[in-house]
Amino acid sequence: MTIYYKHMLIFKSAKLPNPAALRVFVTVVEEGGVGRAALALGITQPAVSQYLRALEEQVGHPLFERQGRHLVLSRVGQALLPEARRVVQALEEFQRVSQAMGRLELGEVTLGAATTMATYVLPLFLKKFHKAHPGVRIHVESGSSERLAERLRLGELELAVLEGVERWEGYERHLFYEDELVLIVPPEHPWAAREAVPPEWLREETLVVRKPGSMTWRVLERAFEQAGLELNPTFYTDNNEVTKRLVMAGAGVGIVSRVVVQPNLKVGNLRALRLAPPVGEIRRYFWLVHPKAVANPAAQALIDLLRA
């Protein structure tokens, strides 16, 4: 027995209808006949009739009734038409999205980035990517390299720009950005005209640095330990902007990545100096890391841009 409930018909057969047959059914209704539907679909009239017969056999009832020379929808056909249209529209949308994904018209990418890179370097790259692929959504997560590395290896991120990562099996690592730590002072500071200062001079200054545990602190601490010197900061901050603001306010001298202070060097409200030996130049390296096999074409396109 065939049961109707709110215009939804439960088929005798558990087999789902052929999507092509549903498309033919909808087209026959919209075009007003088998002949016009055949022309619209680019198939023969016998093929249209065959699709309709197969669908009617599956439903167990005729979809059309003939009135003179015209086909009109039966009661069952009227009940099924809205559902058939929804299925056809959903299939067309599915095809559109899948094709767009392949052409990078649509898609999503999950990107992790160390805070320094997310704040000061990646925005220009992401602007360029968005201009080339405006339909792609990018989810950017910033934070510590350690936490983002874990999320990348768990598959919660598709690619990441990290500091201090080793080579992992199944992943590729490419040098993305090379930076250095510099000493920053306000323009009125006595050191402002110097290119470098002896690290021993920091003992007499109020020092502002990133908090212990941060990658900046680790790189800085290692450089001083190798030089046989000790760091004795007064202020510990949790982000570079706070460090810069404290220095600009005259609260002390700071140590940050050069990329962090580039905008300030242009406007002249901060000066950047190197530390002289035995500490010397302190380099930082940021790596683009991603799985060797990348299935998402949008993620692959972003990787290609970041590697270019």
Under 3.5 Å: donor-acceptor pair, side chain of [X], backbone of [Y]:
X      : Y      : value
Ser74  : Pro62  : yes
Lys244 : Ile184 : no
Asp238 : Lys211 : no

Residues, nucleotides or ligands: over 12 heavy atoms within 6.0 Å of [X] [atom1]:
X      : atom1 : value
Gln50  : CD    : no
His174 : NE2   : yes
Arg137 : CZ    : no
Arg245 : CZ    : no
Glu221 : CD    : yes
Glu178 : CD    : yes
Glu230 : CD    : no

So, for [X] and [Y], which heavy atoms are closest and what is the spacing to 0.1 Å?
X      : Y      : result
Gly268 : Pro187 : O-CG, 3.6 Å
Pro82  : Gln78  : CD-O, 3.3 Å
Leu91  : Pro19  : CD1-CB, 3.4 Å
Met117 : Phe286 : CG-CD2, 3.5 Å
Ala160 : Leu111 : CA-CD1, 4.3 Å
Val261 : Ala272 : CG1-CB, 4.3 Å

query: So, Phe125 versus Phe176, ring centres under 6.0 angstrom or not?
result: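 Centroid distance Phe125-Phe176: below 6.0 Å, so yes.
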field: Identified salt bridge (charged side-chain N to carboxylate O under 4.0 Å, His left out) partner of Glu30 from the options Arg23, Arg85, Arg36
entry: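 The single option meeting the salt bridge (charged side-chain N to carboxylate O under 4.0 Å, His left out) with Glu30 is Arg85.
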Taking NZ, NE, NH1 and NH2 as the nitrogens, is one of them in [X] or [Y] under 4.0 Å from a carboxylate oxygen of the other?
X      : Y      : result
Glu141 : Arg147 : yes
Arg53  : Glu56  : no
Arg218 : Glu163 : no
Glu156 : Arg151 : yes

Any heavy-atom pair between the side chains of [Y] and [X] that's under 4.5 Å?
X      : Y      : value
Glu92  : Val88  : yes
Leu71  : Val34  : yes
Lys131 : Lys128 : no
Val294 : Glu158 : no
Ile255 : Ile282 : no
Thr216 : Val256 : no
Leu181 : Ser257 : yes
Leu229 : Pro278 : yes

So, taking the atom named [atom1] in [X] and the one named [atom2] in [Y], what distance separates them when rounded to the nearest 0.5 Å?
X      : Y      : atom1 : atom2 : value
Glu241 : Thr115 : CD    : OG1   : 11.5 Å
Leu207 : Phe235 : CG    : CZ    : 10.5 Å
Leu159 : Ile303 : CG    : CD1   : 5.0 Å
Leu152 : Trp168 : CG    : CH2   : 5.0 Å
Phe224 : Asn232 : CZ    : CG    : 11.0 Å
Gln58  : Leu22  : CD    : CG    : 8.0 Å

- prompt: Any side-chain donor-acceptor pair under 3.5 Å between Thr237 and Thr243?
  reply: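 Side chains of Thr237 and Thr243: pair found under 3.5 Å.
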Examine [X] and [Y] and state if one hydrophobic cluster contains both, with Ile, Leu, Val, Met, Phe, Trp and Tyr joined whenever side-chain heavy atoms are less than 4.5 Å apart.
X      : Y      : value
Leu273 : Met248 : no
Val161 : Tyr120 : yes
Val76  : Val26  : yes
Val197 : Val209 : yes
Tyr236 : Leu183 : yes

task: Just do the side-chain contact (heavy atoms from CB on, under 4.5 Å) check on Arg173 and Leu162 with the steps written out, would you?
output: CA-CA 10 Å; Arg173 185 185 74 160; Leu162 309 172; over 6 Å; no
- request: Take Val259 and Tyr177 through the test side-chain contact (heavy atoms from CB on, under 4.5 Å) and record every step on the way to the result.
  value: CA-CA 10 Å; Val259 68; Tyr177 196 88; 3.4 Å; yes
- request: If the plane angle is over 60° it's perpendicular, under 30° parallel, otherwise tilted; pick one for His133 and Phe129.
  value: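 It falls in the tilted class, 30° to 60°.
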- request: Please work out whether the ring planes of Phe25 and Phe64 are parallel, tilted or perpendicular, with thresholds of 30° and 60°.
  value: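 Phe25 and Phe64: perpendicular rings.
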message: Go through it in stages, so that I can follow the logic: the residues are Leu306 and Leu122, the test is side-chain contact (heavy atoms from CB on, under 4.5 Å), and I'd like the CA-CA distance, side-chain angles, deciding distance and then a yes or no.
response: CA-CA 9 Å; Leu306 295 177; Leu122 281 173; 3.8 Å; yes
- prompt: Considering the options Thr27, Leu41, Val24, which one meets the side-chain contact (heavy atoms from CB on, under 4.5 Å) requirement together with Tyr51?
  reply: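 Running side-chain contact (heavy atoms from CB on, under 4.5 Å) over Thr27, Leu41, Val24 with Tyr51 returns exactly one hit, Val24.
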field: side-chain contact (heavy atoms from CB on, under 4.5 Å) assessment of Arg75 paired with His61
entry: CA-CA 9 Å; Arg75 187 167 58 89; His61 294 275; over 6 Å; no
- prompt: Between Arg222 and Glu225, does a salt bridge (charged side-chain N to carboxylate O under 4.0 Å, His left out) hold up when you go through it step by step?
  reply: CA-CA 5 Å; Arg222 184 166 58 248; Glu225 285 179 351; over 6 Å; no
